[in-house]
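In what follows, a structure is listed as structure tokens, so that the remarks can point back to it.
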Amino acid sequence: MIKPPLVLVMDDTGFNADSTNSQVLKNEMETYACLILNPYQYEKLNSIMKGLCLELKKRYNTEEFHFTEMYNQKNNFKAMTKGELLEIVDCFIEIIETLDCDIFVQTVSKNLFDENNELNSAFKHGFQNLQIKNSNKQKAFFVAFLEAKKYIEENYPDAELRKVVCDEGLRKAGSELIVDFANQQIQTPIQISFESSKNLPILQLADFTAWFLTRQKQILSKKTSSYNEIDQEMLKLHERMAPYYRNLPVVTILTDEGVDVQYDTVHDIANNFNK
């Protein structure tokens, strides 16, 4: 029986752990968010994002939603108010709610590869024609991809991962990467395509889900008493997003109103890599 196909859309936060005062967040190497979509969701979301990017071009003379710049009111978004940012965040969450998107998140710690030679070896031999530096970013991508694929196999038994697209940060747009392990976790080679988020707008939605989660972690790293108005509003919005981060546990954060949010944890796959 031919299984229905799934598409994995991957992007990272671009978060600089060295820039935070949080000791917990300083240990993070990278966080990847992966949209797990059927073909209808994939095409519909890409079409919706194309329309939103055209509207963004009219208002801010750019076709890309750079949420860190928007939050910090930099570059094309200097004139953006916090209210306008919250409206855009609300719009993106509504899209995810309407199409019932599944989001898989993977955070990798800096010391994961330092402590596991087997994982290092798998990384070096798992990617064919890598032609990129052996950096933390690529290692984090490797773990995120492997864990996302395993999550799909365990939670979507009647479907099969057929397509993977990732933002061009690791490779030039239009290039491809073949993943081929001599390991039971990867039965057949998988082709990963790298694209520009400008040319494939759905990548901007994946980027948003990664940024939004990291934004919450940065807020939660502060004392509750120091939350400002934008922090409170972002946490309220996260209540709506929380159910769609399918693999993350929910914790209750006590604020003036009380909110349930999801807080990412580091998934150490070193001990079960060959199981």
Side-chain angles (χ1 to χ4, degrees), residues 6-17 25 27-37 101-116 118-128 130 132-156 161-171 175-181 183 185-186 189-195 197 200 202-214 216-217 244-249 262-273:
L6 289 176
V7 183
L8 192 66
V9 182
M10 303 178 63
D11 205 352
D12 65 289
T13 59
F15 170 62
N16 181 6
L25 296 183
N27 188 45
E28 294 191 1
M29 178 191 294
E30 194 74 70
T31 294
Y32 269 88
C34 310
L35 299 175
I36 303 172
L37 308 170
C101 300
D102 291 351
I103 307 168
F104 175 87
V105 177
Q106 178 68 57
T107 293
V108 182
S109 65
K110 291 181 178 179
N111 60 1
L112 175 59
F113 281 81
D114 295 335
E115 296 174 351
N116 191 268
E118 185 177 25
L119 200 55
N120 261 312
S121 177
F123 170 75
K124 291 176 182 178
H125 296 96
F127 289 132
Q128 302 298 315
L130 194 60
I132 47 179
K133 295 180 180 179
N134 184 23
S135 72
N136 285 346
K137 191 177 183 69
Q138 287 109 38
K139 289 180 176 180
F141 169 77
F142 164 75
V143 173
F145 165 75
L146 189 62
E147 286 291 273
K149 186 178 185 302
K150 185 168 67 174
Y151 179 83
I152 288 172
E153 290 172 347
E154 292 174 350
N155 293 277
Y156 304 81
L161 179 61
R162 299 276 186 83
K163 181 177 181 178
V164 181
V165 292
C166 186
D167 188 68
E168 64 181 333
L170 288 176
R171 298 286 298 273
S175 62
E176 296 174 343
L177 188 63
I178 302 298
V179 183
D180 187 6
F181 293 92
N183 185 291
Q185 293 192 46
I186 306 291
I190 294 179
Q191 183 173 295
I192 303 173
S193 300
F194 293 84
E195 302 292 346
S197 58
L200 190 67
I202 194 172
L203 285 166
Q204 297 186 43
L205 186 63
D207 175 71
F208 163 74
T209 63
W211 171 84
F212 190 66
L213 182 65
T214 297
Q216 308 317 304
K217 288 193 283 185
Y244 299 94
Y245 291 110
R246 305 297 192 192
N247 65 315
L248 301 186
Q262 286 182 307
Y263 195 96
D264 193 9
T265 56
V266 175
H267 293 247
D268 189 341
I269 69 169
N271 294 325
N272 63 5
F273 184 71

Quick one: does [X]'s side chain get under 4.5 Å of [Y]'s, heavy atoms only?
| X | Y | answer |
| --- | --- | --- |
| Arg246 | Ile36 | no |
| Thr107 | Lys217 | yes |
| Met10 | Phe145 | yes |
| Leu161 | Leu8 | yes |
| Leu35 | Leu205 | yes |
| Tyr245 | Leu213 | yes |

Side-chain donor/acceptor of [X] to backbone N/O of [Y], under 3.5 Å:
| X | Y | result |
| --- | --- | --- |
| Asp12 | Phe141 | no |
| Thr209 | Ala206 | yes |
| Gln204 | Ser197 | yes |
| Tyr151 | Val105 | no |

Rounded to the nearest 0.5 angstrom, the CG-CG distance for Asp102 and Leu37 is 8.0 Å
Review point. Would you call Lys150 and Glu147 a salt bridge, using N to O less than 4.0 angstrom?
Key: yes
